[in-house]
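Report on the structure given below.
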2 protein chains.
Amino acid sequence: MDEGGNEAFATGDAEPFDGTGRRPITLADVAREARVGESTVSRVLRSHGSFSEKTRARVEAAVARLGYVPNRIAGTLASTGSRLIGIVIPSLTNIVFPDLLRGATAALEQEGFQSVIAVTDYDQDREEAVVGSLLSWRPAGLIVTGLEHNPGTRRRLAASGVRVAELLDTDGPGLDIVVGYSNRAAGEASARHLVGRGYRRIGYIGHDLTKDRRAAKRYAGFRDALRETGMGPAGEERVASPSSVEAGRQGLAALLERVPDLDAAYFSNDDMALGGYFHCLAHGIAVPGRLALFGYNGLDVGRLMPQPLATIRTPRVEAGATAARLLCTGSPATVVDLGFELIEGATA
Amino acid sequence: MDEGGNEAFATGDAEPFDGTGRRPITLADVAREARVGESTVSRVLRSHGSFSEKTRARVEAAVARLGYVPNRIAGTLASTGSRLIGIVIPSLTNIVFPDLLRGATAALEQEGFQSVIAVTDYDQDREEAVVGSLLSWRPAGLIVTGLEHNPGTRRRLAASGVRVAELLDTDGPGLDIVVGYSNRAAGEASARHLVGRGYRRIGYIGHDLTKDRRAAKRYAGFRDALRETGMGPAGEERVASPSSVEAGRQGLAALLERVPDLDAAYFSNDDMALGGYFHCLAHGIAVPGRLALFGYNGLDVGRLMPQPLATIRTPRVEAGATAARLLCTGSPATVVDLGFELIEGATA
DNA sequence: GTCCGTATTGGCAGCGCTGCCAATTCGGTG
DNA sequence: CACCGAATTGGCAGCGCTGCCAATACGGAC
């Protein structure tokens, strides 16, 4: 009607009219603006195939002039594989999973992939649901945590044919790619270390092991290694909540109540151990003279305690990065054991 | 072959053959299997439009038989709006951002949306890049952190017409939806609280404020409030690294070296304050008798220290959830100030 | 039994982009 | 100056799904 007389109507074929937020600009608009074919624009934008320098400049100028943003939804649908990787983690509360995410998203970005994340709250049924949800985005790959999945999840993964990387655990058979370390061995190493340092009344303070399978494996390794020495745990306390500083503090308090002559405490992770340390500080319990403390994960906070925490450092960021890289590069199925490092610290 | 005599081969008319990893199953396959039209399948799967109970059952049976997983890429392209929300955070190292993510993804999931996250490392140029990248997924909305963005980011956001929620800061003009609290007011409240408790030689220990704009605003509020009382900070220490327990410990050590008669330390956040607390423990500095400590964020760990940390609790999870909900429901532009809570603790 | 309004249903044209293939252009070569 | 292989380029058919609209079925009211 008025000037130019158009707007939403893509009437003839000559209505670029990017305007101030009307009809979204498409690749066809760019092609018209640059006076080249659509496929040429596509080639230039993806630096794929051949085109002259002059063409590249024309296309780039048109893109800039129109403020064109490619539509990856359309691009993904048209091409074979997507550039998405789904990441499934049990929790965002425990810093180890953001660490894993950090490694994965950094590597993914480098390879030109984007990540979609989902959280299960340590619930296998929720895992099945979010895996289904992620699969509907037709990702190039999926990163999941641990090796334990319910049958529905396994079936969906298998049926989808999507590559899968299972992280942070190598104690058991994997589906495809496995990147991590042995939680069982970590538990054993912790027990042996404590025994080697002369502790004899060693207790365990853990959280809800039915949900956190990797913590359960560490516990099993710890317990079995202790039994091999003929002693076994001097006492155990399982807090019915997820792991946290608070759970560690309460757990140690409760255990000491029941087993006053404990000389060492093995916690299911560093957060719990930090809670235990706070309990000791608050109650004047000398560490490690009266009670030794041992954690798991090797968090920064443990290193900076007045007495550095004895713990096991796990390569979480590296595991995320490695898994991402293997998925992006289409590695064959494999198991990568990144190992762990025992940190002697000063609390045990 | 065996019982029932079907399985993979829906021998219909032309090679359905889902088989074990062959041609992916599409909605058309389901329609053929259920002997209904494609649009009917679509309607049933989305519970949208009308169809008979008998049809629903037929379709659902076919879906189950074939193990069909809808392709959201195609669905999104065909329909108008996507069910994706992009989330841009500066870091995954500081637990406050996973907290924000937690609130947002939980609310998003409830509304049937999925989140795509990107990390900027506190770099505005990287923010511009990741915003561009997220926009190419044509999200229904974007959640970003803070109010400061470079011109390129603002231009892209405006041009895209996508709804935006800016989080964790209300000190300044927003683009669209703003959910958070005043960092400036938090800094002021901290300063007034310390002054009110009788401290007079109050120092500041912070991290790299050129990148972390919200921490800079807290500092400004803190400094200005102190100046109003006529005293101003007794000393300042800026660690050149991101905030961490280590930075707090080193920062306090350095500041005490220069200003030995400090009677209180205000940290840019709880992680830093925890580091400071560890320094005090390690060096026998009585808290708060000899030195008071004040943090920011209200992390769990602070509450569980032998002496609960004096700090300000911020509603991070709620901010994420609120922003997500406002975006999903298409709320008009608005500013939601969630406020904060001063926790007296025992360290100041 | 006929007719009409409503509940269901199917057909098909795109959504914006990529992959394939044919068409055109460009530089030498003989 | 005609000719040939390589480098560029454009056309167009889908990718799998949704939205629109026409077609059909159903269920009383007459």
Side-chain angles (χ1 to χ4, degrees), chain A residues 8-10 13 16 18 23-59 62-63 66 68-84 112 135-140 160, chain B residues 16 18 22-59 62-63 66-84 112 135-140 160:
Chain A
F9 324 61
D13 48 356
D18 70 313
R23 177 169 66 73
I25 296 158
T26 69
L27 182 143
D29 296 325
V30 177
R32 209 174 304 128
E33 175 79 13
R35 301 184 182 291
V36 298
E38 295 186 26
S39 23
T40 301
V41 176
S42 177
R43 276 187 294 257
V44 170
L45 292 178
R46 289 177 299 148
S47 302
H48 176 273
S50 70
F51 45 81
S52 67
E53 191 45 51
K54 200 186 63 182
T55 303
R56 146 172 275 140
R58 282 254 293 282
V59 170
V63 165
L66 299 178
Y68 170 67
V69 177
N71 183 332
R72 286 205 209 176
I73 297 283
T76 302
L77 180 61
S79 60
T80 39
S82 85
R83 303 289 277 179
L84 277 179
L135 285 177
S136 74
W137 290 101
R138 297 292 185 272
S160 72
Chain B
D18 70 315
R22 290 309 310 270
R23 176 168 67 72
I25 296 161
T26 70
L27 182 141
D29 297 325
V30 177
R32 207 174 305 126
E33 175 79 13
R35 300 185 182 290
V36 298
E38 295 186 26
S39 22
T40 300
V41 176
S42 177
R43 276 187 293 257
V44 170
L45 291 179
R46 289 177 300 148
S47 303
H48 176 271
S50 68
F51 44 82
S52 67
E53 190 46 50
K54 199 186 65 181
T55 304
R56 146 173 274 139
R58 283 253 292 282
V59 169
V63 165
L66 298 178
Y68 170 67
V69 177
N71 183 332
R72 286 205 210 177
I73 297 283
T76 301
L77 180 61
S79 61
T80 40
S82 85
R83 304 289 277 179
L84 276 178
L135 284 176
S136 74
W137 290 101
R138 296 292 186 273
S160 72

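Quick note on labels: first sequence line is chain A, next is B, and so on, each numbered from 1.
- Looking only at side-chain heavy atoms (C-beta outward), A/Phe51 and A/Val59 stay at 4.5 Å or farther from each other.
- Position along DNA chain C of the nearest nucleotide to B/Leu77 versus B/Ser39 favours B/Ser39 as the more 5'-ward residue.
- For DNA chain D, the span of nucleotides reached by chain B at under 4.0 Å from its heavy atoms goes, 5' to 3', from D/dG16 to D/dG19.
- A/Thr76 comes within 4.0 angstrom of no nucleic acid atom, judged by non-hydrogen atoms across all strands.
- B/Arg138 is listed as a side-chain neighbour of A/Val69, based on a closest heavy-atom distance under 4.5 Å.
- In this structure, A/Trp137 and A/Ile73 approach most closely via the heavy-atom pair CZ3-CD1, 4.4 Å.
- In terms of heavy-atom proximity, B/Arg58 sits nearest to B/Arg35 at NH2-O, 3.3 Å.
- Considering B/Val36, B/Val41, B/Leu45 in turn, B/Val41 is the only one that fulfils the side chain to side chain contact (heavy atoms under 4.5 Å, CB included) rule with B/Val30.
- Taking the side chain as every heavy atom from C-beta outward, A/Ser42 and A/His48 never approach each other to under 4.5 Å.
- Note that CD of B/Glu38 is 8.5 Å distant from CZ of B/Arg32, once rounded to the nearest 0.5 Å.
- Within residues 41-54 of chain A, the residues that have a heavy atom under 4.0 Å from DNA chain C are, in order of number, A/Ser42, A/Arg46.
- B/Ser82 has its side chain out of reach of B/Arg72: every pair of non-hydrogen atoms, C-beta onward, lies at least 4.5 Å apart.
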